[in-house]
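Below: one structure, written as structure tokens.
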Amino acid sequence: MRCDPRFSRVREVFERHLADGEELGAAFAVFLDGEPVVDLWGGVADRHSGRPWAEDTPAFAYSCTKAVTATVLLQLAERGLVDVSAPVADVWPEFAAEGKAGVTVEHLLTHAAGLPVVEDPVPVEEFGDHAAIAARLAGQRPLWEPGTAHGYHALSYGFLVGEVVRRVTGKTVGELVAAEIAGPLGLDLWVGAPDPVIARAARLTAATGTPEGRRDAPATDPAPRPAAPATDPPVTGTDSSVTGTDAPVVGTASGEGSGEGNGEGNGDGGAFGLMARAVRDPDSLMNRALGNPSMQRLKGGANHPAVMRAGWPAAGVVTTARALAGFYRSLLAGDVLRPGTLHDALRPRVSGPDRVLYVDSSFGLGYMRPAMTFFVPSATAFGHTGLGGFLGLGDPEHGLAVGYVMNRMAGAVSGSLRAYRLTEAVYQSLRP
């Protein structure tokens, strides 16, 4: 493991999480101005076998995928193959059905297309057929007028953006990630992992309770019942049955889900109250958006090889912390996108109440910007979270690139602060 002495407090936080039982296994990596300064790993990758978390242990990082997928599309835009301001139907004619002729590629990237839900249940045999799932979305009518509001397209984002990519190039997002990003940069990052990678990946575990009384949640557990409202969807099962898709993780610097910034915290009031009730309602827009296609239909959920192979462009990345941080390092260095392209992509296009998550969210072109759904210590940070607490982050002003992966997934706001504590320690280490 590597930790520059300037970042010793980061190592202290990481080791405390392991010692206190908040982590089962995890890894955290940081680049500063392109140089590696933190590269930590520890704990257990598979609680059943006791397999230790190794230097190269990857994990399924859910919606951290979305930023990678956005980058693939932006590369195509740089080459003049896609116009993000143009209608999707220009490259995908069938998409114009049901009043969607004016929906633009930018609407897809900013969760403003009004298509957060795949309405018809997706059968297991279709999990690997991205075009078939996209065709389902092409036949749907938007739930709101595109461009007038935004709401987290938890899974549909990937099938929509991915189909634009496929129509233009004939290739999947995963194939382009391998050829244009991960391969050339030497990153252990896959959107659709090969079997040897799946074999050594961490096994995810859904957990409930306090660090002292932490237990694996039985398969019959209902949605989490946190003291503070949760933004994660219901996560049920043991590590052989991790289910759900993913929603962003929120938290506060105080370590409490207090709703800092809008005065609306615990209880039934405000956006957090609406969100908490939506988590418990299987027919809510939130759970409908998060639950189809449903990983729960496969034994082991996200641990099932079919899910890791599928390479869903919204929730399909398998990566190490070092590679996830390396992806953001390369973005900041101009190795993946031109600086001007990235700068424009980071400009917030939508901000405010999220139609699906209720709390405020903010997005540039596919990248999260600081908001209650991307609670970070810096206003200049961007990136994406993943279910349970995964985090990928870049910060052009501070020259930081961060990656955090683990296998003890949090189902509540209060348990999702591990990434925040670690990242906060990084920023504190930069101060004199």
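This one's a predicted model, so the numbers in the text were calculated from it and none came from an experiment.
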Is R288 salt-bridged to D283, going by a charged N under 4.0 Å from an acidic O? no

Side chain to side chain contact (heavy atoms under 4.5 Å, CB included) partner of T65, chosen from V191, T319, V318: V191

Give a yes or no answer on whether the side chain of H398 reaches the backbone of P396 with a donor-acceptor pair at less than 3.5 Å. no

Say whether E78 and T341, considering side chains only, have a donor N or O and an acceptor N or O under 3.5 Å apart. yes

Taking 4.0 angstrom as the limit, do E22 and R408 come out as a salt bridge? no

Residues at least two apart in sequence or cross-chain that pass side chain to side chain donor-acceptor pair (under 3.5 Å) with R355, listed by chain then number, are none

Aromatic ring pairing Y420/F375, orientation class (parallel under 30°, perpendicular over 60°, tilted between): tilted

Given 3.5 Å as the limit, does a donor-acceptor pair link the side chain of D354 with the main chain of V359, or not? no

After noting the C-alpha distance and the side-chain angles of S294 and N292, does the key distance pass the side-chain hydrogen bond (donor to acceptor under 3.5 Å, both in side chains) rule? CA-CA 5 Å; S294 174; N292 187 33; over 6 Å; no

So which atom in F327 and which in A67 form the shortest heavy-atom distance, rounded to 0.1 Å? CZ-O, 4.0 Å

Minimal non-hydrogen separation, P370 against A381, with atom names: CD-O, 3.3 Å

Please check if the number of heavy atoms outside E119 that lie under 6.0 Å from its CD is greater than 12. yes

Among residues at least two apart in sequence or on other chains, which ones pass side chain to side chain donor-acceptor pair (under 3.5 Å) with H17? R421

Looking only at non-hydrogen atoms, find the nearest pair between D360 and P353 and report the distance. OD1-N, 3.1 Å

Give the ring-plane orientation class for Y62 versus F60, where under 30° counts as parallel, over 60° as perpendicular and anything between as tilted. perpendicular

Shortest non-hydrogen separation from L176 to V72 and the atoms involved: CD1-CG1, 3.8 Å

Taking every heavy atom of L290 against every heavy atom of A154, the minimum-distance pair comes out as CD2-CB, 3.4 Å

Checking R203 side chain against G300 main chain: does a donor-acceptor pair fall under 3.5 Å? no

Can you tell me if K66 uses its side chain to pair, donor with acceptor, with the backbone of S63 under 3.5 Å? no

Between S361 and H150, a side-chain donor and acceptor under 3.5 Å: yes

Would you call the rings of F363 and H384 parallel, tilted or perpendicular, where under 30° means parallel and over 60° means perpendicular? tilted

Polar side chain donor-acceptor pair, D395 to S378, under 3.5 angstrom: yes

State which residues pass side chain to side chain contact (heavy atoms under 4.5 Å, CB included) with D39; sequence neighbours excluded, sorted by chain then number. R2, A29, W41, R322

Taking side chain to side chain donor-acceptor pair (under 3.5 Å) as the test, write out the residues that go with D90, two or more places apart. none

Going by side chain to side chain donor-acceptor pair (under 3.5 Å), name the residues that satisfy it together with H107, two or more places apart in sequence or in a different chain. T104

Between E125 and R297 (salt bridge meaning N to carboxylate O under 4.0 Å), is one present in this structure? no

Ring pair (Phe, Tyr, Trp, His ring centres under 6.0 Å) filter on Y404, not counting sequence neighbours, yields none

Minimum heavy-atom separation for A371 to S362, with atom names? CB-N, 3.8 Å

